[in-house]
Amino acid sequence: MSEQSPKEEIILEGIAASPGIAHGTALLYLQKELDVPCYDLAPEVIDSEIERFDQAILQTREEITAVRHKVAASLGEGEARIFDAHLMVLEDSALLDEVNSELRSTNKNVESCYHKIAQRYISFFSSMEDEYLKERVTDIRDVSRRLLQNLIGMNKSNLGELTSHSIIVSEDITPSDTADMDRSKLLGFITDAGGQTSHSVIMARSMRIPAVVGLHNATQVIQSGDQILVDGYDGIVVINPSEERLFKYGKLASERRKLDEIYISVISEPSETKDGSPIGLMSNIEGAHEMEQVVAMRSNGVGLFRTEGIFLRHHGYPSESVQYDEYAAVVAAADDEPVIIRTLDIGGDKTLGDGGSEDDNSFMGFRAIRFCLGNEDIFKTQLRAILRSSAKGNVKIMYPMISGVAELRRANQILEEVKVDLRAENLAFDEGIEVGAMVEIPSAAAIIDLLAAEADFFSIGTNDLIQYLMAVDRLNDRVAHLYEPAHPAVLRTLKIIIDEANRLGKPVSVCGEIAGDPIYASLLLGMGATSLSLTSSMLPELKYFIRNVKIKDARALVEEVLLINDPVAVVRRLEAFRVETIGKR
Ligand code: PEP
Ligand code: MG
């Protein structure tokens, strides 16, 4: 037997997005339009081409039915109905007849005929006034993509149906992809695009799934089935890793595991600095399914409940009772610790695919509170559900993307109207419920004193605040190097917000991704933040750090770095402070 020589190692460098090391088989997940082949058929193969088409329809039918069962079991019958609509599209006799006659009249291969007819249906429905008919476009797109994949014989890559443990390789991963993802089979993911605060990366971090983003050409270099190694600490991906490299990484992974054990050992200790200042360590969540971990990590409640997670998982606008059940489950699990429920922040990279919140410049478009104030019914349904859940525990409401006083006032007015309705219906809620605002738009940062008249508390959303302050799209890998939390403009703005909130006696916490990073946490505490909200998987490390840091040293650190004009030098100083505090790790 001849010995096969090992394949050559290829190293790709990107942005470290979620820590950890993964080694496994790559699965390419391509979202771009399919490359549909078009060629002439000899007359004698026409019948077998039609048979090929029938087989593909059968296969697609079986797939859709299997997904339907899965969704019905996990999300309920209501959510599964969408797949009945898909089956109707798949077997629509008018469409199928048109494909057959196109094939017989042109003698072209069936995928090109099907693609042509499906595109015609898509353009027709897109031009309809009727919203219901317009929505059918998404169904036709989904079904035609699935059918074409089967016809072309493409390796299927539906993230909801992973069959083996895989590392996903994709141009990009959207939050709606991650909502469908079979998380138990996902070892890691890497993408061509993306920045450190995209929502799919935030999800990866919360699930402790290693991720590297901003690789530019991973989908061109890697093929499904390749063996790859993902280093989420340093942002490196190795294709065909050598035995030597795997050994080195194996050692690194075991060192990391030991460190994790050290961090987790302090989890039941009080959350306070070495010189005795209590620091609230709360969790960012997207749904009730995360509460087991939140409780296990001894979190001081939920500092940010990103409710759009529920909407993405339901692929639409869930009813009041569906929402209520989810909020009440979180509140019950939190056991009297505060739960800050943020109202719907749809838009940006979190869209429902219904066109409702999609804009060319989506991060600055019809997003979050803007969308809710423009869709009062959706907003009121959510506020009713949140208010009703407040009867069961310690609930606070928080509005995202507040840019000025008028928006905050209008949101509060609607909230009051909802309260009047609930009282009239004898439905209980917490009459003293507190209402807060996210500070994530520079205009809000500049008017904390004005907003303070309408809000009980503030939470700083640094993910967005940095992108707007620096004009750096948080998803765009080409400008990711400009996304600098240590930029003097960011540091000064954070200081202004925290100083102002403290002066006015309004609690202020930080819930952007930097809150979970010890090097930035030391700065935030030094500036006077007394509460941080982060993904619960990062909580042990942060608690370990906080228990070793002195608030007086953190304050001195702030004074020092505010005088440094170079962000790289700031990061170097913050790293050095971390090492001074907990040693080299
Ligand atoms: C933020 O912008 O910092 C934030 C916490 O909100 P999100 O990441 O959901 O936009
Ligand atoms: Mg935000």
Side-chain angles (χ1 to χ4, degrees), residues 17-18 173-176 178-179 194-206 211 213 281-287 290 302-313 339-352 357 362-372 382 396-403 407 436-445 457-476 483-485 487 490 493-494 497-498 508-517 520-521 523-524 529 531-536 538:
S18 175
I173 291 185
T174 66
S176 54
T178 56
Q196 268 177 327
T197 61
S198 67
H199 284 96
S200 28
V201 162
I202 291 173
M203 181 280 306
R205 238 174 262 146
S206 82
V213 301
L281 283 184
M282 306 177 84
S283 292
N284 294 349
I285 64 162
E286 291 186 12
E290 290 178 70
V302 172
L304 169 65
F305 183 170
R306 289 187 168 98
T307 56
E308 50 282 0
I310 311 171
F311 291 65
L312 291 167
R313 287 193 293 281
V339 175
I340 301 179
I341 305 182
R342 182 175 75 179
T343 58
L344 183 62
D345 183 0
I346 210 72
D349 59 342
K350 297 172 284 192
T351 57
L352 295 173
S357 55
S362 53
F363 273 117
M364 295 213 231
F366 195 50
R367 188 190 153 184
I369 197 69
R370 303 163 183 189
F371 176 87
C372 286
Q382 180 171 42
K396 301 172 201 249
I397 294 179
M398 179 159 74
Y399 305 123
M401 295 277 293
I402 290 292
S403 67
E407 263 169 346
M438 295 274 298
V439 183
E440 51 185 345
I441 299 185
S443 61
F457 64 92
F458 295 110
S459 186
I460 308 176
T462 50
N463 303 338
D464 277 317
L465 183 64
I466 297 169
Q467 90 162 336
Y468 297 126
L469 205 53
M470 312 281 299
V472 176
D473 182 337
R474 63 196 262 197
L475 303 182
N476 188 333
Y483 191 96
E484 287 176 312
H487 192 287
V490 175
T493 306
L494 289 172
I497 300 168
I498 296 171
V508 58
S509 111
V510 183
C511 63
E513 288 304 287
I514 64 168
D517 185 337
Y520 293 109
L523 267 187
L524 297 168
S531 160
L532 303 174
S533 191
L534 51 139
T535 175
S536 56
M538 304 287 207

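Because only heavy atoms are used, hydrogens play no part in the values below, and waters and symmetry mates are left out as well, while side chains stay in. Note that the coordinates shown come from a computational prediction; the quantities given were computed from them, not determined experimentally. All ligand and atom numbering here is 1-based and tracks the order in the structure. Nothing fancy with the numbering, it's 1 onward along the sequence.
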Hey, is the Mg ion (ligand 2) within less than 2.8 Å of some N/O/S atom on Glu440? yes
With a cut-off of 4.0 Å, which atoms of ligand 1 are near a heavy atom of [X]?
X      : result
Lys350 : 9 (O)
Arg367 : 10 (O)
Arg306 : 4 (C), 5 (C), 6 (O), 7 (P), 8 (O), 9 (O)
Leu304 : 5 (C)
Asp464 : 1 (C), 2 (O), 3 (O), 10 (O)
Met438 : 4 (C), 5 (C), 6 (O)
Gly512 : 3 (O)

Spatial distance of atom CG (Asp517) from atom CG (Leu532) [nearest 0.5 Å]: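 Result: 11.0 Å between the selected atoms.
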Around atom 7 (P) of ligand 1, find the nearest protein heavy atom and jot down its residue, atom name and distance.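 Protein heavy atom at minimum distance: His199 NE2, 3.3 Å.
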Tell me: protein heavy atom nearest atom 6 (O) of ligand 1, and distance?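 Answer for atom 6 (O) of ligand 1: Arg342 NH1, 3.0 Å.
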Has [X] got a side-chain atom pairing as donor or acceptor with [Y]'s backbone, closer than 3.5 angstrom?
X      : Y      : value
Arg474 : Thr197 : yes
Asp345 : Arg306 : no
Arg370 : Gly365 : yes
Glu308 : Leu344 : no
Tyr483 : Leu475 : no

Give me the atom names and distance for the closest heavy-atom approach of Met470 to Val490.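 Smallest interatomic distance, heavy atoms only, reads SD-CG2, 4.1 Å.
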Is the closest side-chain donor-acceptor distance between Glu290 and Ser283 under 3.5 Å?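 There is no such pair between these side chains.
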Heavy atom of Arg474 under 4.0 Å from ligand 1?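 Right, Arg474 reaches ligand 1.
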Find, among atoms of Asp464 that are N, O or S, the one nearest to the Mg ion (ligand 2), and state its name. OD2
Between ligand 1 and Glu440, is the shortest N or O to N or O distance under 3.5 Å?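 There is such a contact, yes.
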Between Leu465 and Ile497, is there a side-chain heavy-atom distance shorter than 4.5 Å?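 Side chain of Ile497 against side chain of Leu465, heavy atoms only: contact under 4.5 Å found.
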